[in-house]
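For reference, the structure is listed below as structure tokens.
Each chain gets a letter, A, B and so on, in the order the sequences are listed, and its residues count up from 1.
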2 protein chains.
Amino acid sequence: MSEITEVENPYRQIERATVSDAIVDQLRGLVAQGVLKPGDRLPSERELCKRFGVGRTSVREALKPLITMGLLEGRMGSGTFVAAETGQFQKSLQWGLLSDLQSRDDLVETRHMLETNAAYWAAERAGEENLAVIRVTLNGMEENLGHPTIFQKFDADFHFEIARAAQNRMLYRLINVIRGQIQTWIGERLALTPDRSEILARTSLAQHRDIFAAIEAKDGPAARAAMDRHIQTATQDLAK
Amino acid sequence: MSEITEVENPYRQIERATVSDAIVDQLRGLVAQGVLKPGDRLPSERELCKRFGVGRTSVREALKPLITMGLLEGRMGSGTFVAAETGQFQKSLQWGLLSDLQSRDDLVETRHMLETNAAYWAAERAGEENLAVIRVTLNGMEENLGHPTIFQKFDADFHFEIARAAQNRMLYRLINVIRGQIQTWIGERLALTPDRSEILARTSLAQHRDIFAAIEAKDGPAARAAMDRHIQTATQDLAK
DNA sequence: TAGGCCAGCTGGTCAGACCAATTTTAGAAA
DNA sequence: TTTCTAAAATTGGTCTGACCAGCTGGCCTA
């Protein structure tokens, strides 16, 4: 039966049949290579038609998916632009992970996994510059214990910076998208119980300090444990 | 400064400015609700034009992103179909996670995180039917120690079934897409060192048995540890 | 009955026109 | 000269109608 191993499919995938897909690949490549940078304006559709030597339909059908995916951004009357880097993956990940989300538990659980691991790796790899930025977010939280909206902003930044310090782009993107979703819930929650917010903020700040201390000490397991406690607390507050 | 908290944006997001986006939402909803099931054929583009009361351009610009995203599948001359469920998220996740992947380490590391957690949760939640399916994949591996391609198939299924048993759809999808990528590397690897494959397979099988034993015993930490060892071994084999 | 051929579907592409938002420009007013 | 405004040019969004290229199914021959 070892013939089966020989059946290494000799049939190569049919190459790009459609014009628009070819354009998609080309544009995607230009953005990936950095020829087109975030904020850059693409040539107008009519111009692209001439350059690619195709009809406007094909150009537009290539741009459309890239826009939907969040890689580009179309502004009527003004042009098509390369989206900011953070937004480039956000949308496609939202599509894949959140579009038909049925269970909040899945999301909370996944978040727990992502953030505890991020804390662990951040402790292992954070450089001085990472620590400095995280410190800033801690100060920001401390100075805004009474201002839920601002506090929450620094809170979010704290977690983002830890994710960045973990030096894993994939992990960073995943945390980005999932936290974006959770953020909206937090917003609703805060609006409901504004009186308790300062108490929650104090607890939260203390836990953030624990996490940071562990990261600063380059103690991965401790950082993971501290983040674990924090997420559990936060989840419970959110659920109540 | 507490006014800032009052600045709860009173501006609602502008409703769908573009026609095609509205159609995208509608079609996405129909698929999500199950009105359109995988494999179903959509009405022809001309027909959709009449039903939505819009031009064909708009219909096509709505279908295009959904096709690129993997939710639909266009077959020239035959029609547009709803894609198989597993493929629906695969593509959009690939876009978001793998499209500009620069470092294999990121992927290997993320995989490690996902699979160890999947093993843990599988141990906590796997039902009898989950265990039965996993058992089948173990037998499949045992019977095909000398047939790398088939062995690898059962190997992959083993991990997929554990991911399924973890009962977290988000985790399942992530493992799906990342493993899909890694699978290609494994394929290249096997082609290079066919002689050692049976030795590797025996080691692999033993480790899989450990993992399964822990899951069967509903011992989460043990399952995580066993998966940890397995992934580390597999990663090293792959790296050499 | 078996095989092949053709008409009529389908999606893919093109061209040209018009709309609506935006930017640019040119002219009028200060 | 400067400033403000209104028209013109530019850009993405939509519509129409036409044609091409695959696919399907049924009819028709051998």
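Regarding contacts with the backbone of C:dG11, every side-chain N or O of B:R75 stays at 4.0 angstrom or more from both OP1 and OP2. In this structure, B:T18 does not reach the D:dG13 phosphate: none of its side-chain N or O atoms is under 4.0 Å from OP1 or OP2. OP1 or OP2 of D:dG12 has not a single side-chain nitrogen or oxygen of A:S78 nearer than 4.0 Å. At the phosphate of D:dC15, OP1 or OP2 sits under 4.0 Å from a side-chain N or O atom of B:S58. For C:dC14, neither phosphate oxygen OP1 nor OP2 lies less than 4.0 angstrom from any side-chain nitrogen or oxygen of A:T57.
Across D:dG12, D:dC15, C:dG12, the shortest atom-to-atom separation from the side chain of A:S44 is found for D:dG12. When each of D:dT14, D:dT11, C:dG12 is scored by its nearest atom to the side-chain atoms of A:R46, the top-ranked nucleotide is D:dT11. Among the nucleotides D:dT16, D:dG22, D:dT11, the one closest to the side chain of B:M76 is D:dG22. Candidate nucleotides D:dG13, C:dG11, C:dT13 were compared by shortest atom distance to the side chain of A:R60, and D:dG13 ranks first.
Separating the NE2 atom in B:H208 from the CZ atom in B:F154 is a distance of 12.5 Å, to the nearest 0.5 Å. Once rounded to the nearest 0.5 Å, the distance linking CE of B:M170 with CG of B:L114 reads 12.0 Å.
Using a 4.5 Å cut-off on side-chain heavy atoms (C-beta onward), B:V24 and B:L66 make contact.
Per the geometry, CG belonging to B:L63 stands 10 Å off C1' belonging to C:dG11, to the nearest Å. Distance A:E45 CD to C:dA21 P: 17 Å, rounded to the nearest Å.
Mapping A:G79 and A:K64 onto DNA chain D by nearest heavy atom places A:G79 at the nucleotide closer to the 5' end.
Using five terminal pairs a side, the axes of the helix from C:dT1-D:dA30 to C:dA30-D:dT1 at its two ends make an angle of 20°, given in steps of 10 degrees.
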